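These figures come from a predicted structure and were not determined experimentally. So you know, we letter chains A, B, ... as the sequences are listed, proteins then strands, and number each from 1.
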Amino acid sequence: EVQLVESGGDLVTPGGSLRLSCAASGFTVNSAWMNWVRQVPGKGLEWLALIKSETDGGTTDHAAPVKGRFTISRDHSKNTLYLQMNSLKTEDTAVYYCVTERAGAFPFWGQGTQVTVSS
Amino acid sequence: QSALTQPPSASGSPGQSVTISCTGTNSDVGRYNYVSWYQQHPGKAPKLMISEVSKRPSGVPDRFSGSKSGNTASLTVSGLQAEDEADYYCSSYAGSNIYVFGPGTKVTVL
């Protein structure tokens with residue numbers, strides 16, 4: 001059974017940094033296309049970042065609002081996906097989801113982790 | 001501002017059908033057959049209901065169906081049930097490893 005468990009969400013001041021983790025089970029993160037998606041409370045979903053499977057090159061892409069500030073990565077030995085978030089802004093306040101991707105869709109989601117950026 | 005457009009709300013009585021539209025451009029919905037739909041109940045993570053425009057993942061009732069015409073995709077829920085009351089989001093691949101979502105549609109079962 002595929003399971004994704006996010007952690008690392010916290011209250012952080014503007015300009016600060018945070019690293020989110022997503023522990024995967026039931027599959028290996030190296031073999032899947034993995035993404036981060038966020039949701040501002042009461043608002044819609046926003047795709048943030050993608051890392052392709054190793055067999056597809058392992059390349060990454062980031063959405064324009066977070067490019068240069070956020071970085072997606074993974075650790076095969078820990079079977080864990082990460083999102084390093086730097087230069088955080090108040091508008092980054094949201095629930096962050098770790099998500100698998102297949103054929104342009106997102107079949108498996110974690111439960112989400114709350115990130116609050118406030119002074 | 002979302003890249004895709006959805007109506008903010010839709011409603012129907014139990015047993016009726018409701019259709020939600022998702023309008024994009026010829027750079028996303030119109031170009032790729034990678035349109036998907038998600039159901040989200042309050043406090044829960046989104047759940048994939050439709051992938052690749054019209055494919056239903058295992059376990060999704062056949063009351064849910066998807067289609068696409070030009071730059072607009074649609075999700076139809078037939079035989080509405082109380083548990084179908086939720087927010088529904090569409091998503092599309094937009095090329096260059098970028099994905100976009102719609103703002104969501106709140107479906108109310110009257």
Take atom NE2 of B:His41 as the centre, draw a 6.0 Å sphere, and report whether it contains more than 12 heavy atoms from other residues, nucleotides or ligands. yes

Turns out that what part of B:Pro46 lies under 4.5 Å from chain A's heavy atoms comes down to both

If one checks every heavy atom of B:Tyr99 against chain A at 4.5 Å, the contacting part turns out to be both

Closest heavy-atom pair, B:Gln40 versus A:Tyr97, reported as atoms and distance to 0.1 Å, is NE2-OH, 3.6 Å

In short, B:Ile98 meets A:His62 closest at the heavy-atom pair CD1-O, 4.2 Å

### Query
Is A:Phe108 reachable from A:Tyr96 through a run of hydrophobic residues whose side-chain heavy atoms are each under 4.5 Å from the next?
yes

Bottom line for B:Lys55: the part with an atom under 4.5 Å from chain A's heavy atoms is neither

- Message: Atom OH of residue position A:Tyr82 - does it have more than 12 heavy atoms of other residues, nucleotides or ligands inside 6.0 Å?
- Response: yes

Any donor and acceptor pair, going by atom type alone, linking the side chain of B:Tyr32 with main-chain N or O of A:Gly104 inside 3.5 Å? no

Bottom line for A:Val99: the part with an atom under 4.5 Å from chain B's heavy atoms is neither

Of the listed A:Ala103, A:Gly44, A:Pro41, A:Gly110, the one with the largest count of heavy-atom pairs under 4.5 Å with chain B is A:Ala103

CZ (B:Phe101) and CZ (A:Phe106) are apart, to the nearest 0.5 Å, by 4.5 Å

If one checks every heavy atom of B:Ser92 against chain A at 4.5 Å, the contacting part turns out to be neither

Honestly, the part of B:Gln6 sitting under 4.5 Å from a heavy atom of chain A is neither

Cut-off 4.5 Å, heavy atoms of chain B, and the answer for A:Glu46 is backbone

* In one Ile/Leu/Val/Met/Phe/Trp/Tyr side-chain cluster, 4.5 Å: B:Val107, B:Val77 -> yes

Scored by heavy-atom pairs under 4.5 Å with chain B, the best of A:Gln111, A:Lys52, A:Gln39 is A:Gln39

Quiz item: Applying the 4.5 Å side-chain criterion to the ILVMFWY set and letting contacts propagate, would A:Val37 and A:Met34 be lumped into a single cluster?
Solution: no

CG (B:Leu48) and CZ (A:Arg102) are apart, to the nearest 0.5 Å, by 11.5 Å

- Under a single-linkage definition using a 4.5 Å side-chain heavy-atom cutoff for Ile, Leu, Val, Met, Phe, Trp and Tyr, are B:Tyr93 and A:Trp109 assigned to the same hydrophobic cluster? yes

Shared hydrophobic cluster, A:Ile72 / A:Leu88 (ILVMFWY, side-chain heavy atoms < 4.5 Å):
yes

